[in-house]
Student: 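My structure is below; once you've seen it, I'll send some questions.
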Amino acid sequence: MPLRAWAFLLSSNMLAGFSFVVTVYVLRGFSAPAAVFWRLALGAALLAPMTLRRLPHRPISRKDWLRIAAAAVLG
């Protein structure tokens, strides 16, 4: 396995392991709904620019909007 793959594997495991510890500290200062909101808001703010930059520049069809809505509702 390439070194880069090992690095991604190790970093993802570390982030997943630390998330439980961080959650305990976050819930001491925030309510659960507030913590979820801020986690999603920060994630969207960080990932949206990268995602938008990689998307092809074409309009989204009605069928695609329905799929996006279904994924958002059904989770």
Side-chain angles (χ1 to χ4, degrees):
M1 188 182 294
L3 183 60
R4 185 174 182 181
W6 280 108
F8 281 125
L9 182 64
L10 179 64
S11 62
S12 66
N13 280 324
M14 289 176 57
L15 286 173
F18 289 137
S19 69
F20 298 110
V21 175
V22 172
T23 301
V24 170
Y25 288 111
V26 167
L27 290 176
R28 289 181 183 174
F30 291 99
S31 65
V36 170
F37 170 79
W38 285 111
R39 181 178 179 177
L40 290 174
L42 289 172
L46 292 173
L47 295 175
M50 290 185 285
T51 303
L52 293 174
R53 189 173 64 206
R54 291 179 182 248
L55 284 177
H57 297 288
R58 61 179 180 198
I60 299 175
S61 69
R62 180 180 175 91
K63 186 177 179 180
D64 288 336
W65 278 114
L66 291 173
R67 288 180 181 167
I68 292 169
V73 171
L74 301 174

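Since this is a predicted model, take the numbers as computed values, not measurements. Note: hydrogens, waters and symmetry copies are ignored here, and every other heavy atom, side chains too, is used. Positions are given from 1 along the sequence.
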Student: Can you give the donor-acceptor pairs under 3.5 Å from side chains of residues 62-75 to other protein atoms, not counting sequence neighbours?
Tutor:
unit_1: Asp64; atom_1: OD2; unit_2: Ser61; atom_2: OG; d: 3.3

Student: Let me have the donor-acceptor pairs involving side chains of residues 15-28, under 3.5 Å, with sequence neighbours excluded, atom names and distances please.
Tutor:
unit_1: Ser19; atom_1: OG; unit_2: Ala16; atom_2: O; d: 2.8
unit_1: Thr23; atom_1: OG1; unit_2: Ser19; atom_2: O; d: 2.6

Student: Name each donor-acceptor pair under 3.5 Å that joins a side chain in residues 34-51 to protein atoms two or more places apart or in another chain, with its distance.
Tutor:
unit_1: Thr51; atom_1: OG1; unit_2: Leu47; atom_2: O; d: 2.9

